[in-house]
Amino acid sequence: MSVSKITKSDLVDAIYKATNLEKQVIQEVVDGFLLQTRTALENGNTIELRGFGTFEPRLRKGRSVARNPKTGEILSVEPHYVAAFRAGQILKDKLWNLKIKNEK
């Protein structure tokens, strides 16, 4: 398996080939899904997609001493939320069975 980046436009193209719906309609649906997902996370909600996984806001602890890796500057970091994804069991099982790049 080769690992490559898939963009939003690649997803739209793949859905188009699988469904023959208009690309404009698919683009609107994908954009709407992403907007609703972002809005739900911003409001502190969890999004559960059975068979795929869960998106959730997760609280990261603050630290009084942290270092900016780029500049080396010492600074403090307040507690804050980050977006987190937890894979569902079906996705975990599929990924577990992927072949490693050098295997045949």
Side-chain angles (χ1 to χ4, degrees):
M1 179 187 93
S2 65
V3 178
S4 62
K5 185 186 298 186
I6 296 175
T7 65
K8 185 167 52 168
S9 119
D10 294 333
L11 288 175
V12 169
D13 289 341
I15 295 169
Y16 172 73
K17 288 175 185 169
T19 64
N20 284 327
L21 294 172
E22 291 181 31
K23 280 191 178 183
Q24 181 63 33
V25 171
I26 296 167
Q27 182 71 47
E28 289 172 10
V29 170
V30 170
D31 287 341
F33 172 78
L34 295 174
L35 175 64
Q36 293 304 314
T37 300
R38 185 178 68 226
T39 302
L41 289 171
E42 288 171 353
N43 291 325
N45 296 316
T46 297
I47 299 108
E48 181 179 320
L49 304 171
R50 298 219 182 242
F52 184 70
T54 303
F55 295 92
E56 61 190 0
R58 224 177 255 164
L59 182 62
R60 295 217 36 201
K61 295 188 297 185
R63 292 177 285 159
S64 58
V65 178
R67 185 181 305 272
N68 180 336
K70 190 171 184 179
T71 65
E73 175 188 3
I74 302 291
L75 45 93
S76 67
V77 177
E78 299 293 322
H80 59 281
Y81 283 94
V82 295
F85 175 75
R86 191 168 15 105
Q89 193 60 51
I90 293 171
L91 180 58
K92 285 181 186 178
D93 292 343
K94 296 286 185 184
L95 294 175
W96 182 264
N97 293 318
L98 282 179
K99 298 290 182 206
I100 302 205
K101 201 173 192 178
N102 294 331
E103 285 185 15
K104 295 195 179 196

TODO: Would you indicate whether Tyr16, at its atom OH, is surrounded by more than 12 heavy atoms from other residues, nucleotides or ligands within a distance under 6.0 Å?
DONE: no
Task: Atom of Gln27, atom of Val12 and distance for their closest heavy-atom approach - done: OE1-CG2, 3.5 Å
When the side chains of residues 77-84 are checked against the rest of the protein, which donor-acceptor pairs come out under 3.5 Å, sequence neighbours left out?
unit_1: His80; atom_1: ND1; unit_2: Glu78; atom_2: O; d: 2.9

TODO: May I ask you to say whether Asp31 pairs ionically with Lys8, meaning some side-chain N is under 4.0 Å from a carboxylate O?
DONE: yes
With a 3.5 Å cut-off and sequence neighbours excluded, list the donor-acceptor pairs that the side chains of residues 87-98 form with protein atoms.
unit_1: Gln89; atom_1: NE2; unit_2: Asp93; atom_2: OD1; d: 2.9
unit_1: Asn97; atom_1: ND2; unit_2: Asp93; atom_2: O; d: 3.1

Task: Side chain to side chain, Ile26 and Val29, heavy atoms closer than 4.5 Å - done: no
- [ ] Examine Phe85 and Val30 and state if one hydrophobic cluster contains both, with Ile, Leu, Val, Met, Phe, Trp and Tyr joined whenever side-chain heavy atoms are less than 4.5 Å apart.
- [x] yes
- [ ] Would you kindly confirm whether Phe52 and Leu11 end up in one hydrophobic cluster when ILVMFWY residues are joined by side chain heavy atoms under 4.5 Å apart?
- [x] no
Task: salt bridge (charged side-chain N to carboxylate O under 4.0 Å, His left out) involving Glu28 - partner list, sequence neighbours excluded - done: none
- [ ] Not counting sequence neighbours, list each pair that qualifies as a side chain to side chain donor-acceptor pair (under 3.5 Å) and has a residue in residues 51-60.
- [x] Glu56-Arg58, Glu56-Arg86
Task: Gap between atom CG of Leu21 and atom CD1 of Ile15 - 0.5 Å precision - done: 9.0 Å
Open item on the list: Could you measure the distance from the NZ atom of Lys23 to the CG atom of Asp13? Nearest 0.5 Å is fine.
Closed with: 4.0 Å
Enumerate, atom names and distances included, each donor-acceptor pair closer than 3.5 Å involving a side-chain atom of residues 40-51, sequence neighbours excluded.
unit_1: Asn43; atom_1: ND2; unit_2: Thr39; atom_2: O; d: 3.1
unit_1: Glu48; atom_1: OE2; unit_2: Arg50; atom_2: NE; d: 3.4
unit_1: Glu48; atom_1: OE2; unit_2: Arg50; atom_2: NH1; d: 3.3
unit_1: Glu48; atom_1: OE2; unit_2: Arg50; atom_2: NH2; d: 3.2

- [ ] Each residue besides Leu35 in its hydrophobic cluster should be listed here, by chain and number; the cluster joins Ile, Leu, Val, Met, Phe, Trp and Tyr at side-chain heavy-atom distances under 4.5 Å.
- [x] none
